[in-house]
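Computed from a predicted structure; not experimentally measured.
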Amino acid sequence: MRKVIKKFFWAWDFEKEEKWLNEMSAKGLALVGYSICTYSFEECEPGEYTHKIQLLEHRPSHPESEQYIRFMEETGAEQVASYLNWVYFRKKTAEGPFELFSDIESKLKQCILIKKLLLPIGWLNLGVAIMNFANLAFNAPRFSWIPFINVFCALILFAGVNEINKKIKAYKKEMFIRE
Amino acid sequence: MENIALTEAVFYILLSLEKPLHGYGIMQNAEKLSNGRVRLAAGTLYGAINTLLEKGWITSVPGENGDRKKEYVITENGKKAVFAELERLRELVKNGEELTGGWNK
């Protein structure tokens, strides 16, 4: 039986999202599909799967991504869903701990990729907000909330970038003393 | 040979590839050789394999019996890198042991 759950996670909270998916798996629900804020589950043995989420450089259909996903599958992982460049992997818990990266540099690279995704959208919102404020000040016949919404979006995205920056800084510090 | 320290992942990948082996085989081999200590994650392994292919330290070979899994094998340059690393590790162990000989454990 298929079960659909609506839930929202920020892009920088991918670890919380993984944790939640693993909790769902512990309850006997395995992820089978994802689209905006919509998670589809099917029944599984409680705790059957461990989940990991990865942001790829290209779309999952890109040859480089396909090659990577095939490699993941050869190591016992399985792609269960994807959304834009995000891919949801799972692996049977019985096959041992499931990690995507075992060195700090790869974890750092993943954070930098997420930052590259968020930063331009943040700047875009800020730019649009400034243009809309100018428009409001000089041309608009009446008040509009739109530029305020843009500022709000920009602030949230920059807060996310700040979260990612904290992780990047911590990884870089660790790399001074170990791999 | 440049004077560089190999990562643990790279060292175990190179050690695993005297005979052609696929990605999952490398993961299992590294874990076995290190008595379970080194668990290479697939994403890290993938990145390392691609870099080693680019550097020419390993090369990919067609899998046997139409097996779709790609297999890899070490090259002469890869072997040179392993020997240079062993030399470096010997130096580390020698200095480490000599200088800590009198330390209280």
(request) Return yes if some donor-acceptor pair links the side-chain N/O of A:Ser102 with the main-chain N/O of B:Leu40 below 3.5 Å, else return no. (result) no
(request) Go through the atoms of A:Phe71 and report whether side chain, backbone, both or neither lie under 4.5 Å from a heavy atom of chain B. (result) side chain
(message) Is A:Glu179 in contact with chain B via its backbone, its side chain, both, or neither, using a 4.5 Å heavy-atom distance?
(response) side chain
(message) Looking at A:Ser106 and B:Thr44, would you say the former's side chain and the latter's main chain have a donor-acceptor pair under 3.5 Å?
(response) no
(message) A quick test of your reading: do over 12 heavy atoms of other residues, nucleotides or ligands sit less than 6.0 Å from NZ of A:Lys91?
(response) yes
(request) Report, as yes or no, whether the 6.0 Å neighbourhood of atom CD on A:Glu78 holds more than 12 heavy atoms from other residues, nucleotides or ligands. (result) yes
(request) Count the heavy atoms belonging to other residues, nucleotides or ligands that lie under 6.0 Å from NZ of A:Lys109, then report whether that count exceeds 12. (result) no
(message) What part of A:Gln54 gets within 4.5 angstrom of chain B, counting heavy atoms only: side chain, backbone, both, or neither?
(response) neither
(message) Could you check whether any side-chain heavy atom of B:Tyr46 comes within less than 4.5 Å of a side-chain heavy atom of A:Met72, counting everything from C-beta outward?
(response) no
(request) Report, as yes or no, whether the 6.0 Å neighbourhood of atom CD on A:Glu95 holds more than 12 heavy atoms from other residues, nucleotides or ligands. (result) yes
(request) Give, as side chain, backbone, both or neither, the part of B:Glu8 having an atom under 4.5 angstrom from any heavy atom of chain A. (result) both
(message) Just checking A:Phe138: does its CZ atom have more than 12 heavy atoms from other residues, nucleotides or ligands closer to it than 6.0 angstrom?
(response) no
(message) Can you confirm whether A:Glu105 is buried at CD, in the sense that more than 12 heavy atoms of other residues, nucleotides or ligands lie under 6.0 Å from that atom?
(response) no
(request) Say whether B:Leu33 and B:Leu52 are linked into one hydrophobic cluster, either directly or through other cluster members, by side-chain heavy-atom distances under 4.5 angstrom. (result) yes
(request) With rounding to the nearest 0.5 Å, note down the distance linking CG in B:Leu45 to CD in A:Glu74. (result) 10.5 Å
(message) Below 4.5 Å, heavy-atom pairs only: which of A:Glu73, A:Gln67, A:Gln110, A:Lys107 has the largest tally toward chain B?
(response) A:Gln67
